[in-house]
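The structure under discussion appears below in the form of structure tokens.
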Amino acid sequence: MITADQLAAAVRAALADARLPDREPELERPANREHGDWATNVAMQLAKPVGAAPREIAQRIVEALGTPPGVERVEIAGPGFVNFHLSQGALADVVHTVIAQGEQYGHSSAWAGWSANVEFVSANPTGPLHVGHGRQAALGDALAAVLAAVGWSVTREYYFNDAGNQMRLLGASVRAAMRGEAPPAEGYQGAYIGELAAELTREGFDAEDVEGVTEVAYQRVLARITATLARLGVGHDVFVGERRLHGPEGVPAVVEGMRTAGYAYDADGATWVATSELGDEKDRVAIKSDGQPTYYAADCAYLADKLARGFDHLVYVLGSDHHGYIPRLKAAAVAQGGKPRRVEVVMHQFVKLLRGGQPAQMSTRAGQFVTLDELIDEVGADAARYTFLRYSPDVAIDFDLDAVVRQDKDNPVYYVQYSSARIAGITRTATERGVEVGKVGEAALERLASEHELKLIRRLGAYPERVAEAAAERAPHKIARYAEDVAEAFHKFYTECRVVSDDAELTVARYWLCRATWQVLAGALGLLGVTAPERM
RNA sequence: GCCCGCGUAGCUCAGGGGAUAGAGCGACUGCCUCCGGAGCAGUAGGUCGGGGGUUCGAAUCCUCCCGCGGGCACCA
């Protein structure tokens with residue numbers, strides 16, 4: 001399979017042969033198929049330095065270039081583009097490559113040897129996950145998968161608060177419910193509090209044992225959270241509770257370390273970190289004047305903990321409400337001798353939850369929210385995940401519950417999944433009719449020559465670069481959009497080209513094209529954590 | 001006030017220096033002797049929020065303005 005890199009190298013060599021200035025040529029996929037499979041704009045970029053018309057330069061490049069292997073023809077078009085049309089043989093080879101590489105197709109080892117810690121969700125165990133958490137769960141998990149696909153060694157991590165005020169409030173809220181009292185000020189009051197209280201009472205817990213109640217309560221809530229995540233297909237490799245950061249090796253040592261490095265100082269009875277010297281708006285308190293560490297201190301200790309575990313890269317998936325946290329997080333890394341670039345924040349906007357066009361509240365404390373479990377109950381895990389992942393992290397998703405429920409079959413996820421089910425149907429038909437498919441290497445793939453077949457093959461051939469792009473840009477939604485493109489090309493192919501026919505040779509060739517399509521769809525959906533069903 | 005994100009078809013959103021700006025939904029018109037019609041083909045629908053600027057070329061980059069969302073703790 002000819003790659004963009006190979007074409008770029010050929011063009012670069014042509015530049016030298018034509019005695020033109022050296023330059024790394026940009027290869028792009030033209031939007032219009034008539035403009036070929038790849039195009040480069042080097043001629044236009046060289047027009048000024050060379051002092052010649054773009055098309056004239058293009059002519060010199062093309063003459064020096066000849067016809068590279070796998071390319072059918074090279075042409076000059078428009079203002080000076082050099083367009084490459086791949087040969088049919090090179091395209092047919094895509095099918096072979098996909099089948100041969102199987103699940104590995106599209107993956108690469110570009111980042112092999114690099115390790116990344118991807119922290120996401122990290123909701124404190126004070127209540128059930130709501131819809132907003134669902135987006136982060138899907139995004140973090142898919143991002144981890146996409147990074148792994150290009151070679152990263154990825155650890156999915158969840159950080160939670162198992163100490164401090166929120167735990168106290170949770171315990172106090174459950175205790176109050178056990179005693180039939182109103183929840184404390186600022187306490188939690190969702191239905192789950194009552195359920196938890198009833199559960200603990202039934203199991204014989206003593207409401208007066210505040211510590212015991214708190215401990216069990218948070219563990220039960222956390223268990224419920226992980227169960228919800230599991231329904232979405234999300235599983236973390238490592239869970240870190242804040243408590244473990246407060247040992248002597250934790251916050252105190254880290255704060256002292258920063259002091260030694262000259263980034264921590266005492267003032268007004270508190271200990272501060274000089275984050276303003278490291279890009280933050282102002283300095284932050286680490287140890288309060290009452291001697292208690294702040295949440296930021298724990299964050300610093302946690303960061304130290306991650307660094308000590310040897311990760312090359314620390315990815316924090318955070319909601320946009322945490323964007324102010326980015327500078328102090330990077331500052332913490334530098335204050336501990338790390339590089340700010342090792343800390344990367346992937347920020348996402350929130351899910352605007354609507355019900356019948358009306359905004360729905362999502363306050364954990366007030367207890368009036370739509371839980372992630374309820375959402376999954378209504379639309380299913382696949383549709384929920386796909387809907388979260390279809391959009392750029394930068395846009396706020398308008399998630400109208402009524403609409404999504406009603407959307408049902410119109411949800412794009414079904415469009416993609418339907419193509420998977422159709423392929424499975426074709427496979428079943430082929431088997432039932434006793435088609436001898438043999439091996440892909442023996443198939444007459446050159447028979448795949450119609451417009452729709454070639455379009456589908458071109459889409460399949462673009463998968464590796466789309467995966468690389470999604471990983472580099474931390475943009476899993478590009479995989480979803482790509483899957484929709486493949487599904488579209490497949491549906492059109494399906495409509496125009498009958499697979500199982502009297503033409504045995506063509507049947508086999510198309511069969512393998514279908515299998516290759518399924519492989520790519522399953523791979524793309526797999527990265528998103530969505531199933532590629534055989535029936536639906 | 002300062003910081004971040006967004007503003008593209010009626011709605012929800014892709015595209016984020018290149019060649020006629022795309023998809024789904026919604027509207028309208030067609031397509032089931034044949035592997036799954038959750039599909040396909042077609043029609044209608046756009047000052048890419050607005051003004052300046054950079055460039056051979058701007059929806060894309062810079063800048064100012066307008067609008068929407070979020071954030072600016074010795075809270076967690």
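Below, chain A is the first sequence line, B the second, and so on; all start at residue 1.
For a distance-only test at 3.5 Å, the side chain of A:Asn83 qualifies as a donor-acceptor partner of the base of B:A19. In this model, a side-chain donor or acceptor of A:His323 finds a partner on the base of B:C3 within 3.5 Å.
Rounded to a whole Å, the OH atom of A:Tyr482 is 17 Å from the C1' atom of B:G15. A:Ile423 places its CD1 atom 13 Å from the C1' atom of B:G39, with the value rounded to the nearest Å. One atom, CD of A:Glu484, and another, P of B:G15, lie 12 Å apart when rounded to the nearest Å. Counting to the nearest Å, the P atom of B:C34 and the CD atom of A:Glu432 are 16 Å from each other.
For A:Phe81, counting side-chain heavy atoms from C-beta on, the closest listed nucleotide (B:G70, B:C40, B:A19) is B:A19. Listed candidates were B:G36, B:C72, B:G16. Nearest to the side chain of A:Glu281 is B:C72. Of the candidates B:G36, B:G5, B:C74, B:G5 carries the atom nearest the A:Asp394 side chain, counting heavy atoms from C-beta on. For A:Arg422, the listed nucleotide lying nearest its side chain is B:G36; candidates were B:G36, B:G15, B:G18. Checked against B:G15, B:G24, B:G36, the side chain of A:His477 finds its nearest nucleotide in B:G15.
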Secondary-structure notation, RNA chain B, from Watson-Crick and G-U pairs under 3.5 angstrom (| other strand):
(((((((..((((....[...)))).(((((.......))))).....(((((..]....))))))))))))....
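For the pair A:Tyr414 and B:A38, the criterion of a side-chain N or O lying under 4.0 Å from OP1 or OP2 is not met.
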Each nucleotide N or O in nucleotides 56-60 of chain B that has a protein N or O under 3.5 Å away: list the pair and distance.
{"unit_1": "B:C56", "atom_1": "OP1", "unit_2": "A:Lys48", "atom_2": "NZ", "d": "2.5"}

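Nucleic acid contact for A:Arg498: base, since at least one base atom lies under 4.0 Å from a heavy atom of the residue.
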